[in-house]
Amino acid sequence: MKPFIPAHGRRRRALAGLLLAAAACALPGVASARTTPAGAPAADGDAAARIAWWRQARFGMFIHWGLYAIPGRGEWAQFMEQTPVNEYAKLAGQFKPRHFDPDGWAQLAKSAGMKYMVFTSRHHDGFAMFDDGDNPFSSTKTAAQRDFVADYVKAARKAGMGVGLYYSPLDWRYPGYFFPDLYRDSAEAMRAQYHRQMEKLLSNYGKLDVLWFDGGETDWLSFGGDWSAAQWQKRAPGKHYGGGFDWQHDKVHTMLRRLQPNVVINGRADMKEDFHSREGDGALGDYDDQHPWELCTTIAGAWGYQPNMQPKPLKHYIQLLANVAGRDGNLLLNVGPDPDGRIDPAQAQRLREIGAWLGKHGDSIYGTRGGPFLPGNWGASTRRGNTVYVHVLNWPGDKLALPAIPARVVRASVLGGGAAKVAQSARGIEISVPAAARDDMDTVVALQLDASAEGLAPVR
C-alpha cells in the first residue's frame, strides 16, 4: 500500500534518501477447490461473470499483517526510517504470534457484515507469509514455522467468505527495483521471485476469489522517478518508464487465468483489471457504473499495526459505505493486527457495530447498484429490482428534492421502521420523513417503483 504519512515533508525526505537506500540493499537469498461465493460463476473466464459475485458483496475486510507489526509504526516503517535490510530481517526471529486466530478474524469479518477478505501474503518488505520452498525469508522458515496464508484461507472458506490475497511484486530488498537498468540482474532476480511466488500462491491454496496486486505497475519502478540525470526527479505527467526492464506481467496473467480462471484482479500490476482500486477516504471520487471499482481504506491509522489507534465514530463508516455503494463501488476496510495477531478491541467493536447496522439496512447495500439519483451533499442512492434506496446523510431541510425519473413511486418506507411521504410530479420527487423517524447516520428511504429501477439512467 501507499504509506500513511502525516506530513508531506517526510515523503520528500524518504525519496531524497532513495539512492542511499538502494546502496544499502543486499540481494536476498534465495489443495482442493471449494464452493464459490454465492453468485460466483462456475468457470468460463468471462470478465462480467467473474465480477458478478464481487459486485453483489459490496463490503470486505483488508488485513495488513507481517513483520512490520512488531515495531508498530505502520507497514512502511522500514522504508521511511531507512532500516538496513539485514537489521530488519532480524524481526523474523521475533515473529511468533501467540494469539493468531484466523477463525476469529473470519468471524469478526462476518459479524461486521463483510462478504470477502483480502490478506497480505507478502508486502513490500519481502517477507513471505506462506510456504515458499527454500526461501529463508518466509514465515515457514523463521520463528513462526507456520504458513499463515494456508491458515487464513482455511478459516475464510469455513466462514463462507470470499478468499482474497494481497501480493506485492515490489521488494525493497532488491536495488533493482529502485534502479532497474543500473542493477538489471537484481531487477530480474526480483521478477523471478515474483513469478515463482505467484505460481505457488495460485497453485497451493485451492480456489482464490480475489488477487490484489500492489506496487507492480511498471511506472512504479524507481517510485515514479527519473534518473536520467544525477538527481532524482519525479517523472513528468504522461512520461512513462522507458528503460529495458520488463516485469513480464503477460506471463503471470496467462498463468493466473490458467490456474485460477475466475479470480478477480485489480489493476496494480499492468494487467487487464477486473476492478480498479481507489485508495483512502479522500479517493472516494465520482459515480462510475461502467468500470467495477473498490475503495480501500483503514479503520484507524496506518495499514499496518500502530498501537492505540482509535476508530472514528460509527457514523463515519456508515456514511462512507453508503457513499461508496451509491457511487457503484465496493468498500474494503482494513485492520492491522498486533504482533501477536490480535485486532484492537475498539476497532473490533466498531466493526460489529457496522454489522449491526447492516443487519437492519443491508438490503440497501448488498446486491445493489448505485443510482439512479447521483450522489450529492444530501447523500446517495442504490437500487435493486423495482426498489430505489435513498440514503439521506444530510437533510437539507424538511424535505429532500430529487430529480424526476420515468417511473412512478407506488410506496415509500423507512428501512428499520418508520413512514415516509413522497410527492411526485413531472418536475421531480420530494421526500419527507418525520424527525423522530430520521437517523442521524443514514435515513434509508425505500422507494418502490412500478417498473424496474435497474434500467433507469442516472440523474442529478
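All values below were derived from every heavy atom in this structure, side-chain atoms included, with hydrogens, water molecules and symmetry-related copies excluded.
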- Query: Would a distance-only check, ignoring hydrogens and angles, find a side-chain to backbone donor-acceptor pair under 3.5 Å from Arg438 to Val433?
  - Reply: yes
- With sequence neighbours left out, the residues meeting side chain to side chain contact (heavy atoms under 4.5 Å, CB included) with Met271 are Tyr194, Phe213, His249, Val252, His253, Leu256, Ile265, Ala269
- Could you tell me which residues satisfy salt bridge (charged side-chain N to carboxylate O under 4.0 Å, His left out) with Arg146, sequence neighbours excluded, listed by chain and number? Asp151
- What pairs meet the ring pair (Phe, Tyr, Trp, His ring centres under 6.0 Å) rule with one or both residues in residues 368-424, with sequence neighbours excluded? none
- Message: By the salt bridge (charged side-chain N to carboxylate O under 4.0 Å, His left out) test, which pairs, at least two apart or in different chains, include something from residues 411-425?
- Response: none
Using distance only, find each side-chain donor-acceptor pair of residues 321-337 under 3.5 Å and give its atom names and separation, not counting sequence neighbours.
residue : atom : partner : partner atom : Å
Asn323  : OD1  : Arg327  : NH1          : 2.9
Asn323  : ND2  : Gln319  : O            : 3.2
Arg327  : NE   : Gly285  : O            : 2.9
Arg327  : NH1  : Asn323  : O            : 3.1
Asp328  : OD1  : Arg58   : NH2          : 2.8
Asp328  : OD1  : Arg369  : NE           : 2.9
Asp328  : OD1  : Gly370  : N            : 2.8
Asp328  : OD2  : Arg55   : NH2          : 3.4
Asp328  : OD2  : Arg369  : NE           : 3.1
Asp328  : OD2  : Arg369  : NH2          : 2.8
Asn330  : OD1  : Arg58   : NH1          : 3.0
Asn330  : ND2  : Trp54   : O            : 2.9
Asn330  : ND2  : Tyr116  : OH           : 3.3
Asn334  : OD1  : His64   : N            : 3.3
Asn334  : OD1  : His64   : ND1          : 2.8
Asn334  : ND2  : Trp303  : O            : 2.9

- Item | Listed once per pair and sorted, the ring pair (Phe, Tyr, Trp, His ring centres under 6.0 Å) pairs that draw on residues 329-372, sequence neighbours left out | Trp357-His361
- Counterpart residues, salt bridge (charged side-chain N to carboxylate O under 4.0 Å, His left out), relative to Lys158 (two or more places apart): Asp103
- Message: Given 3.5 Å as the limit, does a donor-acceptor pair link the side chain of Tyr317 with the main chain of Leu351, or not?
- Response: no
- Message: Using the side chain to side chain contact (heavy atoms under 4.5 Å, CB included) criterion, which residues pair with Gln197? Sequence neighbours excluded.
- Response: Arg122, Ala128, Phe130, Asp132, Asn135, Tyr167, Gln193
- Task: Using distance alone, with no hydrogens and no angle criterion, decide if His316 and Asp281 have a side-chain donor and acceptor under 3.5 Å apart.
- Result: yes
- Task: Could you list the residues that satisfy ring-ring contact (aromatic ring centres under 6.0 Å, His included) with Tyr287, not counting sequence neighbours?
- Result: none
- Message: Tell me if a side-chain donor or acceptor on Thr120 pairs with a main-chain N or O of Ile63 at a distance below 3.5 Å.
- Response: yes
- Message: Can you confirm whether more than 12 heavy atoms, excluding those of Lys96, are under 6.0 Å from its NZ atom?
- Response: no
- Message: According to salt bridge (charged side-chain N to carboxylate O under 4.0 Å, His left out), who are the partners of Asp338, at least two apart in sequence or on a separate chain?
- Response: Arg342
Throw together a table of side-chain donor-acceptor distances under 3.5 angstrom for residues 451-460, partners on residues two or more places apart or in other chains.
residue : atom : partner : partner atom : Å
Ser452  : OG   : Glu454  : N            : 3.2
Glu454  : OE2  : Gly385  : N            : 2.7
Arg460  : NH1  : Pro375  : O            : 2.9

- Task: Sorted by first residue and then second, give each salt bridge (charged side-chain N to carboxylate O under 4.0 Å, His left out) pair with at least one member in residues 304-313; sequence neighbours left out.
- Result: none
